[in-house]
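Below: the structure, in structure tokens.
Just so you know, these numbers use all the heavy atoms, side chains as well, and skip hydrogens, waters and symmetry mates. Since the model is a prediction, treat every value here as computed from it, not as a measurement. Whatever order the structure lists ligands and atoms in, that order sets their numbers, starting from 1.
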Amino acid sequence: MAYTAKDYSALIGMHGFSEALLRNHFTLYQGYVTNTNKVLDGLDALIKDGKGATPEFAEMKRRLGWEFDGMRLHEFYFENLDGEGVVPKDGRLAAKLAEDFGGYENWEKDFKATGAMRGIGWAVLYQDAATGRLLNFWINEHDTGHPAGCAPLLIMDVFEHAFMIDYGLKRPDYIAAFFANINWKAVEGRLR
Ligand SMILES: [Fe+2]
């Protein structure tokens, strides 16, 4: 079954994100969905043709992680936006952030510092399924650095396309706008 691009046009109008930037981002996301389907079909065709031992198969298989993660990370990203930007103080997530980071402020400093790192990629708050612990990770490009068995809770895109149209090189200003729009209910809903 092919993957279908979701419609995130309801995000248009979100404060701190121009329509041009968001539409550009949606188009990029749709490309990952299209290419995930193409790569999956291509791999299937190569296997059916007995070409599993070819460089074409190997390269396409490597490509799958990049396209698939590019699709799925954007879905998590768009779906953890359009909120009020305030963590529910009495919620499970606030308690867990306090437990694992020594307080919300410490977590936020670490997450923002992760997102401000030089390079293109993603800052991700994960929950380790084995222990329940929360951890911030840097994901290089889309496919490098994911902790095995961990569930993504909060995703922040820090590729230049996520902010340059509106903020130029001022990534911290984009990160501030991102934080003002976090949908913490959606994030808390991903917590186990
Ligand atoms: Fe992106």
Test H25 against every option in F159, Y77, Y174, F163 by the ring pair (Phe, Tyr, Trp, His ring centres under 6.0 Å) rule and name the one that passes.
Y77

Considering just N/O/S atoms, say which atom of D157 is closest to the Fe ion (ligand 1).
OD2

Any salt bridge linking E105 with K109? Criterion: basic side-chain nitrogen under 4.0 Å from a carboxylate oxygen.
no

Angle subtended at the Fe ion (ligand 1) by H74 NE2 and H161 NE2, to the nearest 10 degrees, is 140°

Between the Fe ion (ligand 1) and H25, which N, O or S atom of the residue is the nearest one?
NE2

Sidechain N-carboxylate O distance under 4.0 Å for K6, E79:
yes

Anything under 30° is parallel, anything over 60° is perpendicular, the rest tilted; go ahead and classify Y3 against F68.
perpendicular

